Every structure is written in C-alpha cells, then in structure tokens.
Amino acid sequence: MILLPLPKKMEEQEGTLMLRMNTMIVMDMSCPQGANVYAKLLKEEIFTWAGLTVEIGRGTFRKGDILLKLEESLGEHHYDMKISEEGAFLSGGSLNALGWAVQTLRQIVRQSAGLLPCVVIEDEPDMKNRGYYHDVTRGRIQTLENLKKLADTLSFYKMNQLQLYVEHTYLFRDLTELWRDDTPMTAEEVMELDQYCYERGIELVPSLATFGHLYKLLKTKTYEHLCELPGSFGQPFGFKDRMAHHTVNVSDEDAMALVKNMIVEYMQLFRTDKFNICADETFDLGKGRSASLAEEKGTGHLYMEYINELFDFLLQKGKIPMFWGDIICGHPELYSQLPKEVICLNWGYADNQPERETEILHSVGATQYLCPGVRGWNTWVNMIRGAYLNITRMCGYARKHDAVGMLNTDWGDFGHINQPVFSIPGIIYGAVCSWGENVPEYEDLNRQISILEFGDSSGELLSCLARANDMMSFGWYTAVALREEYLKGMDKEELRKIFEKDNMSKASDHNAHIADLEVSLRRISRTMDSASRRIVEYTHVSLEMTRVWNEVGLFLTALNQGEKPANGMEIAADLERCLHYYQQLWRENSKEGDIGKISEVFCWYADLLRK
C-alpha cells in the first residue's frame, strides 16, 4: 500500500472492510461545519474509484460506516485512523488534522476501491509549515480553476501553505499602468482562492515584491523616478533585464509610501496573519539614484532601514513579516536589528546545496523556513532528479537546524515555460520530506508517485519524465539570452561565448533518445488510468520542443563553424508547429501572461533560420 507522506506509525492487519450501498460517512457531533468539505472529498473519491455512492450524515456510527471525529486530546497536529471489519474510524486533534486523516483514507480508497485493508495508523508531521511557492508573475498566470486544482493537490498530500509570487500581476485599483497590457488576478479571484484553500486546510499567504524585482512598476511613466537606475521608462522588454534590475530608490520617500499602499490594498484579501515582502536580489541598491546615500551610510544600512520600516509597518497591522534571506545571509551580524517576529526564507536550489547559509541563520537566532525548488525554471520538463536531491537535502537541514517550515519554490524565470503538471513530482517530494524523515529512495518514490498520482500501474512514468529533461542540449535560457544580447548589439565573439555554454556535441544523440522516449511514453500510457492520460500530450509537446530547439542549436553550431546548413526552412516550420500546440496547452490552464513574449522568441528564430 502506497501512502504519501508515509505515516509515522502504521500496522496492517488481517481482514478487509467492504464498502456497501448502506455505508455512510458519519460526522460525529464534535465535528465543526468545515468537516463537511472533507466528507464530500471522501465521498467523491469513493464514487470515482469504488464506483459506489455513499451518503454523508451526522449522528450515530453503525457497522460498516466511516466515522469522522474531532478529539482535541490528540493534539492539534495529530490524527489516528483504524480500519477494521466493523468500519473506519478517523479522528483528529483539530479540523486540519482530521482532514489529513481523510486524505490518507482517500489514498487508500484510490488503491483499494471498495475493499479497504484493515490498518491502524497514528500520524503527525515533523514540520508545522509545509508550503508551496508558485510564481504567478514571470510568465504563467494560472487560471483560478487551475489554482484550485493546485490547492487540491497540496491538500491531498497534506501540504498546508501556499504562496503566489506577485510583482505586477494583481489588479491594483489605482496602478493601471502596471497591468494594462497583462492579464492580472483580480481581488475577487484572490478572495475566492483564499476561501477555497482555507476550507482544505491551506493557508494562502500573500507574497509581494516590495524592493527588488519591480520591473513593470518602475518602468511606468508615473513611477520611473522611483527606480534606482535612471532610464527605465521606454526600454524594450527583456526576460534577462526583468530578472536583473529594477530596485526601488530608497532615497526617495515616495517609494516607501507607494509600497505601503500596495501592501495595504493586497493584504486585505487574505485571512492569514503572515505577509511576505520578498526583498531579495536588490542588485542595484546604491548604484544609481541612492549612490550618495549609500556612500554615506553603506548599502547594508540602506537595506536594513528599508526592510525594518516595512517590518514595523506590517507588525502594526497585526501581520508576521516574511522575507527572502539571501541579502541578510551576507550580513548575519545585522540580524539582531530585525524584529524577533520576522520569518526568514532561506533558499537554495542546487543538487548539493551547501549547509552554510542555514548554519549562519541558525547561529544568529533566525526563525527560518528552508526553501528548496521543484527545478522547473527554463526547462520544458522539470529537472526531476535535481529536485529530489535538492529537496531532500534542504529538508534535512531544516530538521537539523530547527527550521519552523519548508517552502518549496516554483519560479518562472524567462516565462515559466514548463507546464504546471511537471511540478507535481517536486510538490510531492516536498510533502514527503517535510512530513517525516522516512523518505523512499529516488527510484522507489518515483514509482509510488507514478502509481498514486498518475494512475500508472507500471510505475514508470516519472522515470520517463526524468529522462526527458536530460535530453535538452540547446536550452531556453541560452536561446533567450542570445536573442536579447544580439538585439542589443553584442559583438559576435561575446555571443559565441553565450552559445558555447550549452554542450551541443550530444544534441544528435539526445534527439535519437527522444524518439525512444516517445515510444516508451506511448507504452506507459496504456497502463495509465484514462483520467490521467492528459499528461501524455503535455509530455509529447515538451519532447518535441526539446527536439526542435536541439535542431536550432545544431543549425547555429554549423553556422558557427562556417557551414551553411540546408534544413533551416524545415526547422523553422517545426518551431512554428510546436508553438501552435504549446499555445493551445498554455491556454488550457493559464491566462495569456507572457505567452506573447515567448512566442516572439520562437518567431524570431524561425525568421533567422529562413535567412
């Protein structure tokens, strides 16, 4: 039996419980009204996987029923479950804990249908906060419907926090220049998502760029004077430029007033007591309009002054501030100047991410979350093995250094080109690793996820997806960087250096392996539940993307060597076909966002190939 995350204590026993037409999901009188959401989820699971309709009610347990009960004596984060031939008994020390018991039973039903194995489970998580951080700014703004599906996935695997990263993709009422050419989330959508998450035991936490990474805000005609580096208005769009610049000019008091107004408008949409101001990668601080002030006080002092004012502002509003810890890690001696309530988000995404930053923050008494990543940025299919290595390592550091939570990140660098479904394995890795120390080995966990999440009885789907990422020779980052630097007038030698960072020597072999992967994918699809087969098309289009961009790289390699390849027209047509199908898949789950800007890159290369 596969259960993810793995329970702390589980004893399988003899016998089974058969669900019947008179089985009822009974909510004990101790259950609050919110338990009805979990009862309905369980009812739907039984209907889908057992083909039976069971009723929901309140009152007295009868033989064969499923009883939901609240027992505060268990503790807020503890749940118990017992399935016997007499019935199923689920109890939790809180509504959320009872919800985790229901999710465990849903996983059992998914595998056992209407004949449930007898089992006794006692369980609770290691980490209080187990979150997922999703970028809804730099490329992909998922639809409300798809964000609800994301919340369902998080709930199913007992995650309890969600943050959506916002720079300009919320419709601030008075900042029309900010979103006039975009498809922002509305207040109504955010509040509806907040309610949906709350009903499923998930805390929706606002996350707003307030210092660096304010690309669109500081490019507007109205607010360009608040940008640290002059000349931001009217500059052409660039994926690289959006990542690297556009920090607030802290020497202008209007900047703080603007940011505070944005925070106040946005925070009112959420019921949580937390607010993430981000404040990371302030690359330009002290290098432009605040240079003289930085010379007088030091950039470290400017940084601390700015974030402390925001922290004090949030605390006065009754909010617990959160921020990214990359800057403060370089100045740990300054940490004592921060309010004690602040939560530091300590990020790191490498396979062998070092422990040093976590040790530093722990040594200065920081309250921290460890923040690994699902490794989807700049890839068509996520780096699944890299995500496993990074997440397991960072969660180990979290336990060792008394972190209060884990926040698993999914950034959208250069357009968030990976489809959301490819981040699900990384989400589950985070759920498993933050819940308990008993984490299956990479291959075994992938087999379990393939079966439980994707209905693949062969257990091979994730192995196929993991190999897909390894086939990328000419990467999206390089494709974008080459185009943008060429348009800026970079000389050929410098462009060649960018191009040669990608290893094209294996591109032909990779494309041959992609053909083999396509065959494997079709074979695996025959062993999958029909409701999960949609991932086949997502994977197929992503493999085609990988193959065609490898062909672009091979074409450029030939040009670089003084040859004149003859297949430019064919590759250009393939690029455009891929783009057509990719746009259709994008619009299934996301608003327009940056699909237009991504399309421009495809079309530019297609035109180049035809020359």
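On a predicted model such as this, the values are computed, not experimentally measured, just so you know. Along the sequence shown, the residues carry numbers beginning at 1.
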Spell out, as yes or no, whether a donor-acceptor pair under 3.5 Å connects the side chain of Arg130 to the backbone of Lys128.
-> yes

Checking His362 side chain against His401 main chain: does a donor-acceptor pair fall under 3.5 Å?
-> yes

The single option from Tyr306, Phe323, Phe283 that satisfies ring pair (Phe, Tyr, Trp, His ring centres under 6.0 Å) with Phe211 is Tyr306

Could you verify whether a donor N or O on one side chain and an acceptor N or O on the other, from Gln111 and Gln107, lie under 3.5 Å apart?
-> no

More than 12 non-hydrogen atoms from neighbouring residues, nucleotides or ligands closer than 6.0 Å to CD on Glu305, yes or no?
-> yes

Considering all heavy atoms, the nearest Ala255-Val248 contact | CB-CG1, 3.3 Å

So, Tyr388 and Asp351: side-chain donor and acceptor under 3.5 Å apart, yes or no?
-> no

Working to the nearest 0.5 Å, report the span between CD of Glu45 and CZ of Arg106.
-> 4.0 Å

Does a donor on one side chain sit under 3.5 Å from an acceptor on the other, for Ser207 and Tyr133?
-> yes

Taking atom CG of Asp174 as the centre, report whether more than 12 heavy atoms of other residues, nucleotides or ligands fall under 6.0 Å from it.
-> no

Regarding Ser423 and Asn382, is there a side-chain donor-to-acceptor distance under 3.5 Å anywhere?
-> yes

Apply the test side chain to side chain contact (heavy atoms under 4.5 Å, CB included) to residues Glu355 and Lys400: give CA-CA distance (whole Å), side-chain angles for both, the deciding distance (0.1 Å), then the verdict.
-> CA-CA 10 Å; Glu355 191 174 355; Lys400 182 177 177 180; 2.9 Å; yes

Is the NZ atom of Lys82 crowded by more than 12 outside heavy atoms at less than 6.0 Å?
-> no

SB check Arg242 Asp594 (cutoff 4.0 Å) | yes

Any idea how Phe239 and Trp476 line up, ring-wise: parallel (<30°), tilted (30 to 60°), or perpendicular (>60°)?
-> perpendicular

Counting only N and O atoms by type, is there a donor-acceptor contact under 3.5 Å from the side chain of Asn390 to the main-chain atoms of Gly373?
-> yes

State whether the side chain of Trp377 and the backbone N or O of Phe414 hold a donor-acceptor pair below 3.5 Å, judged by distance alone.
-> no

Output field: ring centroids Tyr165/Trp411 closer than 6.0 Å | yes

Neighbour count >12 (heavy atoms, 6.0 Å) for atom CZ, Arg356 | no

Between Arg200 (side chain) and Ser155 (backbone), is there a donor-acceptor pair under 3.5 Å?
-> no

Tell me, please, which residues at least two apart from Lys148 pass salt bridge (charged side-chain N to carboxylate O under 4.0 Å, His left out).
-> Glu192

Does the side chain of Asn146 come within less than 4.5 Å of Pro420's, by heavy atoms?
-> yes

Sidechain-backbone polar pair: Arg138 side chain, Glu167 backbone, donor-acceptor under 3.5 Å = no

Ignoring hydrogens and angles, state whether a donor on the side chain of Thr153 or Tyr132 is under 3.5 Å from an acceptor on the partner side chain.
-> no

OH of Tyr198: more than 12 outside heavy atoms within 6.0 angstrom?
-> no

Run the salt bridge (charged side-chain N to carboxylate O under 4.0 Å, His left out) check on Glu443 and Arg385 step by step: do they pass?
-> CA-CA 9 Å; Glu443 290 81 4; Arg385 178 178 287 276; 3.7 Å; yes

Does atom CD of Glu145 have more than 12 heavy-atom neighbours, drawn from other residues, nucleotides or ligands, at distances under 6.0 Å?
-> no

Between Ser94 and Asn96, is any side-chain donor less than 3.5 angstrom from a side-chain acceptor?
-> no

Any luck finding a side-chain donor-acceptor pair between Tyr369 and Gln161 under 3.5 Å?
-> yes

Indicate the atoms forming the closest heavy-atom contact of Pro372 with Leu407, along with that distance.
-> CD-O, 3.5 Å

Working to the nearest 0.5 Å, report the span between CD1 of Ile417 and CD1 of Ile598.
-> 7.0 Å

Given the rule in the side chain to side chain contact (heavy atoms under 4.5 Å, CB included) test, do Leu147 and Glu189 qualify, once you have shown the distances and angles that lead to the verdict?
-> CA-CA 10 Å; Leu147 289 173; Glu189 288 174 328; over 6 Å; no

Would you name the heavy atoms of Ile327 and Ala279 that are closest together and state the gap between them?
-> CG1-O, 4.1 Å

Sole candidate of Leu90, Ile121, Val102 that passes side-chain contact (heavy atoms from CB on, under 4.5 Å) when paired with Tyr79 | Ile121

Basic-acidic side-chain contact under 4.0 Å: Arg271, Glu203 = no

Between Thr169 and Lys591, is any pair of side-chain heavy atoms under 4.5 Å apart?
-> no

Worked verdict on Thr539 versus Leu461 for side chain to side chain contact (heavy atoms under 4.5 Å, CB included) | CA-CA 10 Å; Thr539 307; Leu461 178 63; 5.5 Å; no

Please check if atom CD in Glu359 has more than 12 non-hydrogen atoms from other residues, nucleotides or ligands closer than 6.0 Å.
-> yes

Rounded to the nearest 0.5 angstrom, the CG-CD1 distance for Leu389 and Ile384 is 12.0 Å

Arg447 and Asp444: salt bridge (charged side-chain N to carboxylate O under 4.0 Å, His left out), yes or no, with the steps?
-> CA-CA 5 Å; Arg447 179 189 63 82; Asp444 188 39; 2.8 Å; yes

What distance separates Leu98 CG from Asp80 CG, expressed to the nearest 0.5 Å?
-> 11.0 Å

In Å, rounded to the nearest 0.5 Å, how long is the span from CG of Asn346 to OG1 of Thr367?
-> 12.5 Å

Please name all residues satisfying side chain to side chain donor-acceptor pair (under 3.5 Å) with His168, sequence neighbours left out, ordered by chain then number.
-> Asp182

Cut-off 3.5 Å, side chains only: do Thr104 and Lys158 have a donor facing an acceptor?
-> yes

Classify the angle between the aromatic ring planes of Trp347 and Tyr349 as parallel (below 30°), tilted (30 to 60°) or perpendicular (above 60°).
-> parallel

Between Arg173 and Glu265, is there a side-chain N and carboxylate O pair less than 4.0 Å apart?
-> no

Show your working on side chain to side chain contact (heavy atoms under 4.5 Å, CB included) between Leu462 and Glu453 and close with a plain yes or no.
-> CA-CA 10 Å; Leu462 254 65; Glu453 174 63 25; over 6 Å; no

Is it the case that more than 12 heavy atoms not belonging to Lys319 sit under 6.0 Å from its NZ atom?
-> yes

Tyr170 vs Leu269 side-chain heavy atoms within contact, under 4.5 Å = yes

Any sub-3.5 Å donor-acceptor pair from Asp410's side-chain atoms to His134's backbone N or O?
-> no

Point-to-point distance, once rounded to the nearest 0.5 Å, from CE of Met81 to CH2 of Trp100 = 13.5 Å

Under 3.5 Å, which donor-acceptor pairs do the side chains of residues 33-40 form with other protein atoms, sequence neighbours left out?
| unit_1 | atom_1 | unit_2 | atom_2 | d |
| --- | --- | --- | --- | --- |
| Tyr38 | OH | Gly201 | N | 3.3 |

Taking the side chain as C-beta and beyond, is there a heavy-atom pair between Phe275 and Leu208 under 4.5 Å?
-> yes

Charged N-O contact under 4.0 Å between Glu122 and Lys8 | no

